[in-house]
Asks: 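Just dropping this structure here.
Naming: A, B, ... by sequence-line order, numbering from 1 per chain.
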Amino acid sequence: MYTHHNNALTLNDVNTRVRLKGFVAKRRDLGNLVFIDLRDREGITQLAFDADNDLKSIAQALKNEYVIDIEGTVRERTSKNPNLTTGDIEIDVDKVVVLNTAAQPPLLIQDDTDALEETRLKYRYLDLRRPVLQKLMRLRHQMMRATRAFLDEEGFIEFDTPVLTASTPEGARDYIVPSRIHKGEYYALPQSPQLFKQLLMVSGFEKYYQIAKCFRDEDLRSDRQPEFTQIDLEMSFVDQQTVIQTSERLVKHIMQTVAGKPFDAAFKRMTYHDAMRDYGTDKPDTRFGMLLKDLSDILKKTDFNVFKSVLETGGSVQAIAVKGGASAYSRKAIDALTEEAKKHGAKGLAFLKFQKGISGSVAKFLSAEETDAIQSRTDATEGDLVLIVADTPAVVRKSLGHLRNHIAKTQNLIDDDVYDFTWIVDWPMFEYDEETKRYYTLHHPFTRVIDQHKSSFVDKPLDALAYCYDLVVQGQELGGGSMRIHEQTMQQSVFSVLGLTEAEQRRRFGFFTDALTYGTPPHGGIAFGFDRFVMLLGKTKNIRDVIAFPKTASAQCLMTGAPSSIDADQLTVFKPDTPDKTDV
RNA sequence: GGUCCUGUAGUGUAGUGGUUAACAUGCCAGUCUGUCACACUGGAGAUCGCGGGUUCGAGUCCCGUCAGGACCGCCA
């Protein structure tokens, strides 16, 4: 064992005899004087081998990443290094044991000399030696600890729920696992422990939590992995307000204990309707303004055909104003913005520049009254750029909402240290999809319709609101939850609105709707995207940075080679019996 | 499923269709007593992702393919 970690020793320890272990981070060989930087998970200590040190030749043979065990005496340095915690001291070494040698690593074990991600993922165990990733993994650990400490204190019981479970319709694509015993039948890996945690409420445990692995077989993004972690919790005998307040205290506890960020004020709340209207998205970044403004009423009688025809066919014309954008955005830069808008479905991007008069792509098509009204509606002043999209309301919101984030990011309007936690509340229960001609739930089918709509939602699904809440910060969904349905009748009605026949309901969810009949307490809960939470506090934009062994954008593990082919005889156990066998 | 970017010594990058593919770092050898990105001298190290095509000639142009990344669709 070692006596100290490598960031522990200071001038107070001078003349202390110590034993240190670690990796050789760097050798500086000055001929008759050799320095070794010894690195462990905590930091770096300098080892010194003087001219008269018998071990000098051994030190000269040490290479990067050798694992060594040394003993020696702490002494004050003659030339100190203020950049190092242990920069005032060094170790006069009198014993060296090489515990293991190391081949030349394919990547430098340093924060600032990143290899390509491909190399890093193939040699992930070396990548993880880099201090920056060591810090992020330990941040993750601290956040798990803070979560458990808080929820334990609040009386929550930690559970494990099955990883081999049943596939359910709705939602994301399942990862499936073939059954050997029941040939032709499959388990699914859980997209979330939703039904299990609700059943634990039926069982009377009152407060459940789990730091749960979830699996979704969908395409990846920089903030999405096929397997990811949620802080999942559920409470009985409570209302929405209690779940929100408990969740808020959990988040504040984590922010306080891990990041040292105290939050006294309650998190803001915004209705889904207001978020969509002002920000064009259900996960608004509220750290900056540039709100969406509806121009439809102003342009109702416009002569400009593009706007006119959109408005006549039930579309919408909306705008955002970019402060100082008139000179900041050249024609070419606006073309680039147009491309951004097109990625989200817009057919084009109109603009007005308020700068010594009015110019811009649509200036000559609009009357003075119209441009005046647009200027006043968007609060545009001299020097501002107004960007306008005309399309269906959904496309307008999506493209302008995206442009708003895009512009704020590129114009550096965003402060990463501001945590604008906001609850999005009053969600619609259902939406209608024109392509598949059916209703979908915005949250999930177990979400409770609000009391005022519980007798009307079957007839008017689109008018129904749900007891549903998302926690949004910095334009990201950090968590989402809802009060759940605890009566069998409402659950069956929701399934019916979604188009599930009675037979399908019985087959897929019979066990669950049955359970609801045996005295189910009112309950609700929430799940937080744990990896995203770590990203938020670790200030990284890449989910792979907060997962020890992540997968690539094509869901492969470059280190293990997963997914991989398997031996034929591994597969035969899943095949239905051959005719030969059944004949016997 | 789609769009875009990238692939060249161990690693990261440069490289007008034309001689021996360059630079940094790492690696190897040597000099050096206060370094901490040590310095200096010398050296080794490349099937230019893979396959085809155009061309007198391809790292460079074209097509395909594989791999990595970003985004759209998708992710209740």
Asks: Given that both distances must come in under 3.5 Å, which nucleotide forms a Watson-Crick or G-U wobble pair with B:U65?
Replies: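 Across all strands, the one nucleotide that pairs with B:U65 is B:G49.
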Asks: Compute whether any side-chain donor of one residue and acceptor of the other, for A:Asn405 and A:Asp285, lie under 3.5 angstrom apart.
Replies: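 No donor-acceptor contact under 3.5 Å links the two side chains.
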Asks: Check the phosphate of B:C28 against A:Lys63, side-chain N and O only, distance under 4.0 Å to OP1 or OP2. Yes or no?
Replies: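 Checking B:C28 against A:Lys63, a side-chain N or O does come within under 4.0 Å of OP1 or OP2.
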Asks: With sugar-phosphate meaning primed atoms plus P, OP1 and OP2, does A:Leu558 contact a base, only sugar-phosphate, or nothing at under 4.0 Å between heavy atoms?
Replies: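 Sugar-phosphate, no base atom in range.
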Asks: Mark yes or no for a side-chain to base donor-acceptor pair under 3.5 Å between A:Arg27 and B:C38, with no hydrogen or angle criteria applied.
Replies: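 There is none.
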Asks: Under 4.0 Å: is that the gap between some side-chain N or O of A:Ser554 and OP1 or OP2 of B:A67?
Replies: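 Indeed not, no polar side-chain atom of A:Ser554 lies that close.
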Asks: Quick check: on RNA chain B, is the nucleotide nearest A:Gln194 upstream (toward 5') of the one nearest A:Asn64, or the reverse? Name the residue that is more 5'.
Replies: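 Closer to the 5' end of RNA chain B: A:Asn64.
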Asks: Out of B:G69, B:G10, B:U33, which nucleotide sits closest to the side chain of A:Pro106?
Replies: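 Comparing B:G69, B:G10, B:U33 against the side chain of A:Pro106, the answer is B:G10.
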Asks: Give the nucleotide from the list B:A67, B:U33, B:C71 with an atom nearest to the side chain of A:Lys343.
Replies: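 The nucleotide sitting nearest to the side chain is B:C71.
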Asks: So what does A:Glu90 touch, heavy atoms closer than 4.0 Å: a base, only the sugar-phosphate, or nothing?
Replies: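 Answer is base: heavy atoms of A:Glu90 come under 4.0 Å of a base.
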Asks: Which residues within residues 396-412 of chain A lie with some heavy atom under 4.0 Å of an atom in RNA chain B?
Replies: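 Result for residues 396-412 of chain A: A:Lys398, sorted by number.
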Asks: Just compare B:C36, B:G34, B:G26 and give me whichever is closest to any side-chain atom of A:Asp50.
Replies: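 Minimum distance to the A:Asp50 side chain belongs to B:G34.
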Asks: When we call it a touch if two heavy atoms are under 4.0 Å apart, what does A:Arg39 touch: a base, just sugar-phosphate, or nothing?
Replies: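 Counting heavy atoms under 4.0 Å across all strands, no contact is made by A:Arg39.
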Asks: Under 4.0 Å between a side-chain N/O of A:Lys26 and OP1 or OP2 of B:C38, yes or no?
Replies: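 Answer is yes, contact under 4.0 Å.
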Asks: What nucleotide among B:C75, B:C72, B:G34 has an atom nearest to a side-chain atom of A:His344?
Replies: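 It is B:C72.
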Asks: Test A:Arg448 against A:Glu487 for salt bridge (charged side-chain N to carboxylate O under 4.0 Å, His left out), laying out the working first.
Replies: CA-CA 10 Å; A:Arg448 192 170 176 72; A:Glu487 313 96 322; 2.8 Å; yes
Asks: Please examine the side chains of A:Asp88 and A:Glu76, heavy atoms only from C-beta on, and report whether any two atoms are closer than 4.5 Å.
Replies: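 Side chain of A:Glu76 against side chain of A:Asp88, heavy atoms only: no contact under 4.5 Å found.
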Asks: Please report whether the ring centroid of A:Phe23 lies less than 6.0 Å from that of A:Tyr66.
Replies: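 Not under 6.0 Å, so no.
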Asks: Map A:Phe35 and A:Ser192 onto RNA chain B by nearest heavy atom, then report which one ends up closer to the 5' terminus.
Replies: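 Its nearest nucleotide lies further toward 5', so the answer is A:Phe35.
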Asks: Measure the spacing between CD of A:Glu477 and CZ of A:Phe528 and express it to the nearest 0.5 Å.
Replies: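 Reported value, rounded in 0.5 Å steps: 10.5 Å.
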Asks: Any strand counts, and the cut-off is 3.5 Å on both contacts for Watson-Crick or G-U wobble. Which nucleotide pairs with B:C56?
Replies: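 When the pairing criteria are applied, B:G18 turns out to be the nucleotide that pairs with B:C56.
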Asks: Using purine N1 to pyrimidine N3 plus N6-O4 or O6-N4 for Watson-Crick, or N1-O2 and O6-N3 for G-U wobble, both under 3.5 Å, which nucleotide pairs with B:U35?
Replies: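 B:U35 is paired with nothing.
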Asks: Checking all strands, does A:Arg173 fall into the base, sugar-phosphate, or nothing category for heavy-atom contacts under 4.0 angstrom?
Replies: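 Result for A:Arg173 = nothing.
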Asks: Taking only the side-chain heavy atoms of A:Gln46 (C-beta and beyond), determine which of B:C36, B:C75, B:U33 contains the nearest atom.
Replies: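 Nearest to the side chain of A:Gln46 among the choices is B:C36.
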Asks: Using the P atoms only, state how far B:U3 lies from B:A22, rounded to an integer number of Å.
Replies: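 The same atom, P, in both gives a distance of 38 Å.
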Asks: Provide the distance between the two P atoms, one in B:A58 and one in B:A39, to the nearest whole Å.
Replies: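 Taking atom P in both B:A58 and B:A39, they lie 42 Å apart.
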Asks: Give A:Ala172 one of three labels, base, sugar-phosphate or nothing, depending on what nucleic acid heavy atoms sit under 4.0 Å from its own.
Replies: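 It contacts sugar-phosphate atoms only.
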Asks: With respect to the side chain of A:Leu108, which nucleotide from B:A70, B:U25, B:C75 is positioned closest?
Replies: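 Given the options B:A70, B:U25, B:C75, the side chain of A:Leu108 is closest to B:U25.
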Asks: Taking atom types as they are modelled, would you say the side chain of A:Arg224 forms a donor-acceptor pair with the base of B:C75 within the 3.5 Å cutoff?
Replies: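 Yes, the side chain and the base share a sub-3.5 Å donor-acceptor pair.
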Asks: Take atom P in B:G15 and the same atom in B:U6, then report the distance between them in whole Å.
Replies: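 The same atom, P, in both gives a distance of 11 Å.
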Asks: By nearest atom, which of the nucleotides B:G34, B:G69, B:C74 is closest to the A:Arg77 side chain?
Replies: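 The answer is B:G34, which lies nearest to the side chain.
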Asks: Please list residues of residues 538-552 of chain A whose heavy atoms come under 4.0 Å from any atom in RNA chain B, ordered by number; otherwise none.
Replies: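 Contacts with RNA chain B under 4.0 Å: A:Arg544, A:Thr552.
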Asks: Please evaluate residues A:Asp391 and A:Lys347 with respect to the criterion salt bridge (charged side-chain N to carboxylate O under 4.0 Å, His left out), reporting the C-alpha separation (whole Å), side-chain torsions for both, the decisive distance (0.1 Å), and the verdict.
Replies: CA-CA 8 Å; A:Asp391 214 301; A:Lys347 286 167 203 74; 2.8 Å; yes
Asks: Considering only the C1' atoms, how many Å lie between B:C71 and B:G51, rounded to the nearest integer?
Replies: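 Each nucleotide's C1' atom is 29 Å from the other's.
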Asks: Does A:Thr78 reach a base, just sugar-phosphate, or nothing at all? Heavy atoms under 4.0 Å.
Replies: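 Contact class for A:Thr78: base.
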Asks: To the side chain of A:Arg221, which of B:C74, B:G34, B:G26 is closest?
Replies: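 Side chain of A:Arg221 sits closest to B:C74.
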Asks: Counting the atoms with a prime plus P, OP1 and OP2 as sugar-phosphate, which does A:Leu442 contact under 4.0 Å by heavy atoms, base, sugar-phosphate, or nothing?
Replies: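 Counting heavy atoms under 4.0 Å across all strands, the contact made by A:Leu442 is with sugar-phosphate only.
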Asks: Could you tell me which nucleotide pairs with B:C23 by Watson-Crick or G-U wobble geometry, both distances under 3.5 Å, or answer none if nothing does?
Replies: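 Paired with B:C23, as far as the under-3.5 Å criterion goes, is B:G12.
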